[in-house]
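Take a look at the structure below.
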Amino acid sequence: MARFTLPRDIYYGPGAIDELKQLKGYKKAIIVTGGSSMKRGGFLQKTEDALKAAGLEVKLFEGVEPDPSIETVYAGAKAMREFEPDVIVAIGGGSPIDAAKAMWVFYEYPDLTFDDIKDPFSMPKLRQKAIFVAIPSTSGTASEVTAFSVITDYSTHIKYPLADFEITPDIAILDMDIPLTMPKKLTAHTGMDALTHAIEAYVATARSDFSDPLALKAISDIFDSLVDSYNGSVEARGKMHVAQCLAGMAFSNALLGIAHSLAHKTGAAFGIPHGCCNAILLPSVIQFNSKVCMERYAQIARAVGLPGYTDKQLTDSLVEAVRAFNKKLDIAPTYKENGVTEEQFNELADSIAENAVKDPCTASNPRPTSVEEMKKVLTCAFTGENVNF
Ligand code: NDP
Ligand code: MN
């Protein structure tokens, strides 16, 4: 299938939340958010006020946890069925936005179960009851423009990436004031998540002439602004907020690769944040995939001005540049240095590798990956050794 799908509207800039005042023709909005960060920053109140100014009745669904569970999704869907909103507004990091997307599905189709929608592109037609507005507060997942929602089944410790253009939001609002409140560590992790999205999208099997320029522009803007953003530059925070969104537009359509397959499984198993897992995995995955798409990595390296003449030298430079990012962002570069013990690793590595091969992101990785190879890549990310097979 050749298809390229994005939200219809993207509003951006400082104070962009106020655009909600322009919503016309709707009656009731439910706001879905996380713990307390959006309330603390005053952004929840601002969202509520803007919706009320547009004449909407407003209800809140608060408390979506990081890496949202199936149970939270069902609880939110129930609240929606009771309130019957025609607008769903998700404000926060990837977690509340992803949770709200899945709630939307079960709100519109109460008889479905999680099992019915976990295969990619198996969702029924949405927008029968409500439209979806997403306001991201982190600069990483780009859930505000993507066809994905990652929900964790805590009984099996597995993250399920739901995927369907039906859950691509209708409106994304990038309010540059919001990422300014991110603590440093969150800025680092979500920024490396965005870099991984753009690099994986640039080499993924479903990449296209539409996704390539978005991915490359995202990579070069992230190279220019991530470290400054981490160190608190207001301008760089704004640039990262846009760059992560460009990366999202690319990967929502080009799909991802095995850094994400492994991040989805190791995040839940080792309790390490999603972006941090990607930061650890990315150098090993570039090395593994370079056997089949070295010229693509070389193009990236050239685009951001890294040193080297041959494709091999340029790819090595890209790996070194990613490692240098981890260093400048104070991200420990291996699972081992992130507190995973040998014992823990040996106990879980086989099942992680098996589950990662089954992750939908593996299908779009440029190099087909067996369970054995997946385990070897994972092992290199555990120890920090180079991948040379
Ligand atoms: P989360 O939404 O999980 O938020 C992490 C923490 O950051 C929370 O404690 C949250 O607090 C806090 N926080 C969020 N924004 C701010 C802010 N502006 N200022 C201060 N604190 C803030 O983080 P991510 O955005 O990294 O989302 C990760 C999730 O997204 C994972 O589940 C991952 O699997 C998924 N994901 C989804 C993708 C997609 O395409 N849909 C792609 C990649 C990852 P509080 O709860 O109080 O708001
Ligand atoms: Mn990600």
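Throughout, numbering of the chain's residues begins at 1 and tracks the sequence. One-based numbering, in listed order, for ligands and for the atoms of each.
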* To do: Starting from atom 21 (N) of ligand 1, find the nearest protein heavy-atom neighbour and note its residue, name and distance.
  => Ser37 CB, 3.5 Å
* atom 17 (C) of ligand 1: nearest protein contact (heavy atom, Å) -> Thr181 OG1, 3.3 Å
* What angle, in degrees and rounded to 10°, do you get at the Mn ion (ligand 2) when you join it to OD1 of Asp193 and to NE2 of His197? -> 80°
* Kindly confirm or rule out a cation-pi arrangement of Lys336 over Phe345, judged by NZ or CZ under 6.0 Å from the six-membered ring centre and within 45° of its axis? => no
* Asked: Among all protein non-hydrogen atoms, which one is nearest to atom 46 (O) of ligand 1, and what is the separation to 0.1 Å?
  -> Gly35 N, 2.7 Å
* To do: Consider ligand 1: state whether an atom of it lies below 4.0 angstrom from any non-hydrogen atom of Gly275.
  => no
* Best match, Thr196, Thr138, Thr152: closest heavy atom to atom 25 (O) of ligand 1 -> Thr138
* Asked: Taking heavy atoms and a distance under 4.0 Å, where does Asp67 meet ligand 1: side chain, backbone, both or neither?
  -> both
* Structure fact -> The protein heavy atom nearest to atom 3 (O) of ligand 1 is Ser95 OG, 2.6 Å
* To do: With Lys328 as the cation and Tyr230 as the aromatic partner, state whether NZ or CZ is under 6.0 Å from the six-membered ring centre and within 45° of the axis.
  => no
* What protein heavy atom is closest to atom 5 (C) of ligand 1, reported as residue, atom name and distance in Å? -> Leu186 CD1, 4.0 Å
* To do: May I ask whether Phe251 places a heavy atom under 4.0 Å from ligand 1?
  => yes
* Evaluate the ring planes of Phe148 and Phe251, with Trp represented by its six-membered ring, and classify them as parallel (under 30°), tilted (30 to 60°) or perpendicular (over 60°). => parallel
* Asked: Do Phe121 and Phe165 have ring centres separated by under 6.0 Å?
  -> yes
